[in-house]
Amino acid sequence: ICEMDEIMYYVDWFFSKTNKINMNHSSYGLKHIVERGIGKYVSNGELIAAMILSGYRYKAIDINCVFNVKVRRAKRFNNRFSVRCTPPRL
């Protein structure tokens with residue numbers, strides 16, 4: 001399990017805020033992008049908390065959330081995202 005500051009660092013690195021809620025990226029999918037960057041397991045709840053603490057607006061959909069988010073530094077391959085560039089380690 002990761003420290004919240006570390007998750008928030010990667011949220012800031014990989015994502016940016018948009019005006020509208022993006023229904024294409026759920027918290028479950030976003031957590032996998034962050035996990036690939038960190039190299040450690042991140043729970044869905046940890047990702048949701050980090051996004052909210054980072055100032056993202058959200059809409060709850062069952063156990064997941066969607067946010068006003070744009071994925072910046074990940075590249076899509078076959079409906080999965082891979083990390084395109086990894087930020088410097090903390």
Side-chain angles (χ1 to χ4, degrees):
I1 296 177
C2 296
E3 296 287 329
M4 186 58 60
D5 289 343
E6 185 178 16
I7 297 169
M8 290 173 67
Y9 175 80
Y10 281 84
V11 162
D12 184 53
W13 178 260
F14 287 117
F15 312 134
S16 61
K17 294 180 183 102
T18 61
N19 292 327
K20 296 173 93 176
I21 298 288
N22 184 342
M23 301 298 287
N24 295 319
H25 299 294
S26 72
S27 54
Y28 184 75
L30 297 173
K31 89 175 198 84
H32 290 293
I33 295 170
V34 173
E35 283 176 336
R36 286 187 202 105
I38 292 176
K40 299 180 202 171
Y41 174 77
V42 175
S43 74
N44 194 37
E46 288 174 320
L47 186 278
I48 291 168
M51 296 291 283
I52 292 170
L53 290 170
S54 295
Y56 286 86
R57 291 181 290 112
Y58 68 96
K59 179 179 179 180
I61 299 177
D62 199 27
I63 63 170
N64 296 305
C65 290
V66 288
F67 303 92
N68 61 317
V69 66
K70 177 181 179 184
V71 177
R72 295 186 298 170
R73 292 185 172 101
K75 190 170 182 178
R76 186 175 205 127
F77 291 110
N78 299 328
N79 291 330
R80 297 188 138 202
F81 283 91
S82 66
V83 174
R84 190 171 29 183
C85 55
T86 304
R89 292 278 177 190
L90 289 175

For the residue pair [X] and [Y], what are the closest heavy atoms and their distance?
X: Ser54; Y: Lys17; value: O-NZ, 2.9 Å
X: Glu35; Y: Lys40; value: CG-O, 3.4 Å
X: Glu46; Y: Tyr41; value: OE1-O, 4.4 Å
X: Val69; Y: Asn22; value: O-ND2, 3.1 Å

Residues clustered with Ile21, ILVMFWY side-chain links under 4.5 angstrom: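 Met23, Ile61, Val66, listed by chain and number.
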From [X] atom [atom1] to [Y] atom [atom2], the distance as rounded to the nearest 0.5 Å:
X: Ser43; Y: Ile7; atom1: OG; atom2: CD1; value: 6.5 Å
X: Ile48; Y: Ser27; atom1: CD1; atom2: OG; value: 3.5 Å
X: Asn44; Y: Cys65; atom1: CG; atom2: SG; value: 7.5 Å
X: Asn68; Y: Arg57; atom1: CG; atom2: CZ; value: 4.5 Å
X: Met51; Y: Met8; atom1: CE; atom2: CE; value: 10.5 Å
X: Ile38; Y: Glu6; atom1: CD1; atom2: CD; value: 4.5 Å

*asked:* Any non-hydrogen side-chain atom of Phe15 less than 4.5 Å from a side-chain atom of Tyr56?
replied: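 A side-chain contact exists here, since the closest heavy-atom pair is under 4.5 Å.
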Partners meeting ring pair (Phe, Tyr, Trp, His ring centres under 6.0 Å) with Tyr28 (sequence neighbours left out)
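So Tyr28 forms a ring pair (Phe, Tyr, Trp, His ring centres under 6.0 Å) with His32.
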**Ser16: partners by side chain to side chain donor-acceptor pair (under 3.5 Å), with sequence neighbours left out** =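 Applying side chain to side chain donor-acceptor pair (under 3.5 Å) to Ser16 gives none.
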